[in-house]
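Accompanying notes for the structure given below.
Nothing fancy with the numbering, it's 1 onward along the sequence.
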Amino acid sequence: MAEYTPVPEFAKGPDIPDSGYLVTELGGGAYGISSGMVNTMFLVTKRGVVVVDAPPDLDERLLAGIEEVTSNPITHLIYSHAHADHIGSAHLLVRNGLKIIAHEATAEFIQESHDDHRPLPNETFSGTRTELKIDGELLVLEYKGDWHQPGNLFIHLPEQRILTAIDSFTVKNAPFFRLLFAPHVPAYFTAMDDMLEYDFDTVVSGHMSLFGTPEDVATNREYIQDLRTSAAEALGEVDLRQAAADAGVPSDNRQAQLKVWMDAVVARAAEHMPESWDQRLGGNDIFLADNLNAVAWSVFID
Ligand SMILES: [Zn+2]
């Protein structure tokens, strides 16, 4: 088996009970809920419940978690974005009168997916912003760029001082894989700045069991800036043809040359990364090469 750096205690989060879920009070009627692998939040209003997403890794346990704190019916479901790992159990929430709200770009993705576990939203908005007033509670939905998937939302609850930004980063941990599959890396960098413009105390970011703070967003921003600095340095040092010749790649195999070169850039960039990140974030060893690959290509082509 591969050897991994032990996960630091601060990055682990609370244990998940045998029920398979953990509900965390976030204040002002808002609650976080986690399966350990995936998390989301819901808001209990006077007459109902507003839920963000319905992840399959929580499945029916999302309903059990909500019932643990209220007998109010689920009146609104907001899709943060269209990915199946976050909304693929939405069919379990469907009942008469349920409002499913999303950006119209998210609705288009769902339409194309032909997945009956992801019912189409019945209320969409276009543009960059909409405000929902539900039972006196304010939720601000903003689409500020394609940092994860077209249609992805920041969901701000100003009164509760909560920012829900699903798949923006991983609290106390390095980003999964290639900056959580950011389709446009510069937009991912901008998203961290945008998040820090909001007034909030708690951020709900979609994976693992921890809910974060503005400091956690700032830490992720510092981490990705270090990725970019290290990648830029390595790109200046590693020559494509030299790297290919050193690795014995035949001169007529240009695809192998490219692959060997980028692998060498990533390896060199990893040497430039401050070693302290292993103590500051969990999973740095696991995702460093993937993240550096995404950032190095972006520095090279964007
Ligand atoms: Zn996603």
Side-chain angles (χ1 to χ4, degrees), residues 1-45 48-81 83-95 98 100 115-119 155 157 160 162-177 180 201-213 216 281-287:
M1 207 177 91
E3 295 218 357
Y4 300 105
T5 305
V7 180
E9 277 310 311
F10 64 82
K12 283 182 180 166
D15 287 335
I16 303 299
D18 290 340
S19 62
Y21 69 89
L22 181 67
V23 174
T24 304
E25 202 167 349
L26 303 178
Y31 297 83
I33 179 166
S34 175
S35 70
M37 189 60 85
V38 74
N39 67 57
T40 192
M41 59 86 57
F42 58 93
L43 175 69
V44 180
T45 67
V49 180
V50 182
V51 185
V52 174
D53 293 348
D57 202 58
L58 275 163
D59 215 34
E60 278 105 353
R61 288 164 296 177
L62 174 62
L63 299 170
I66 293 168
E67 279 163 20
E68 196 179 294
V69 297
T70 181
S71 56
N72 285 2
I74 297 169
T75 51
H76 298 75
L77 170 62
I78 302 170
Y79 288 157
S80 67
H81 65 299
H83 284 162
D85 63 322
H86 291 279
I87 65 166
S89 280
H91 65 296
L92 298 176
L93 276 58
V94 172
R95 54 182 272 284
L98 176 72
I100 306 182
D115 176 2
D116 56 12
H117 288 193
R118 281 180 275 175
I155 302 163
L157 285 68
Q160 287 78 8
I162 294 171
L163 178 65
T164 299
I166 300 298
D167 282 349
S168 56
F169 76 114
T170 314
V171 176
K172 309 285 185 207
N173 288 277
F176 287 173
F177 299 100
L180 296 101
D201 297 322
T202 305
V203 58
V204 179
S205 67
H207 284 280
M208 318 295 273
S209 53
L210 285 165
F211 302 100
T213 63
D216 291 313
L281 292 175
N284 179 46
D285 59 322
I286 298 168
F287 296 119

For the pair His91 and His117, name the ring-plane relationship: parallel under 30°, tilted 30 to 60°, perpendicular over 60°. parallel

List the steps and the verdict of side-chain hydrogen bond (donor to acceptor under 3.5 Å, both in side chains) for Asp57 and Ser35. CA-CA 7 Å; Asp57 202 58; Ser35 70; 2.6 Å; yes

With distance as the sole test, does Thr75 use its side chain to make a donor-acceptor pair with the main-chain N or O of Val49 at under 3.5 Å? yes

Which atom of Leu157 lies closest to which atom of Met41, heavy atoms considered: CD2-CE, 4.0 Å

Heavy atoms only: give me the nearest His207-Asn39 pair and the separation to one decimal. O-ND2, 3.1 Å

Is there a side-chain contact (heavy atoms from CB on, under 4.5 Å) between Asp285 and Tyr4? Walk through the geometry before answering. CA-CA 7 Å; Asp285 59 322; Tyr4 300 105; 4.1 Å; yes

Supply the atom-to-atom distance Met208 CE to Asn173 CG, rounded to the nearest 0.5 angstrom. 5.0 Å

For His86 versus Asp53, what's the shortest heavy-atom pair and its separation? O-CB, 3.2 Å

From the list Leu163, Ile162, Ile78, Val204, side-chain contact (heavy atoms from CB on, under 4.5 Å) with Ile155 holds only for Ile78

Heavy-atom distance under 4.5 Å between the side chains of Phe42 and Ile74, does that happen here? no

Could you grab the distance from atom CG of Leu281 to atom CG of Asp216, nearest 0.5 Å is fine? 9.0 Å

Counting N and O atoms only, with roles assigned by atom type, does the side chain of Asn72 sit under 3.5 Å from a partner on the main chain of Val44, one being a donor and the other an acceptor? no

Should Tyr79 and Ile100 be marked as a side-chain contact (heavy atoms from CB on, under 4.5 Å) after you check the CA-CA gap, both sets of side-chain angles, and the distance that decides it? CA-CA 7 Å; Tyr79 288 157; Ile100 306 182; 3.5 Å; yes

Measuring only between side-chain heavy atoms, which start at C-beta, is Pro14 closer than 4.5 Å to Leu210? yes

All heavy atoms of Ser205 vs all of Val171, minimum pair found to be OG-CG2, 3.6 Å

Please round to the nearest 0.5 Å and tell me the distance separating atom CG of Leu63 and atom OH of Tyr21. 10.0 Å

So, applying side-chain contact (heavy atoms from CB on, under 4.5 Å) with Ser209, which one of Asp15, Leu22, Ile16 is it? Ile16

Looking only at non-hydrogen atoms, find the nearest pair between Leu43 and Gln160 and report the distance. CD1-NE2, 3.6 Å

Hey, could you give me the CZ/OG1 distance between Phe211 and Thr24, rounded to the nearest 0.5 Å? 5.0 Å

Which heavy atom of Thr40 sits nearest a heavy atom of Pro55, and at what distance? CG2-CD, 4.1 Å

Which distance, rounded to the nearest 0.5 Å, do you find between the CD of Glu60 and the CG of Leu93? 10.5 Å

Let's go through Tyr31 and Glu68 carefully: what are the C-alpha distance in whole Å and the side-chain angles of both, what is the deciding distance for side-chain hydrogen bond (donor to acceptor under 3.5 Å, both in side chains) to 0.1 Å, and is it a yes or a no? CA-CA 11 Å; Tyr31 297 83; Glu68 196 179 294; over 6 Å; no

Working note: Val38 + Asp85, criterion side-chain contact (heavy atoms from CB on, under 4.5 Å); need CA distance, chi angles, decisive distance, verdict. CA-CA 8 Å; Val38 74; Asp85 63 322; 5.5 Å; no

Apply the test side-chain contact (heavy atoms from CB on, under 4.5 Å) to residues His83 and Ile166: give CA-CA distance (whole Å), side-chain angles for both, the deciding distance (0.1 Å), then the verdict. CA-CA 10 Å; His83 284 162; Ile166 300 298; over 6 Å; no

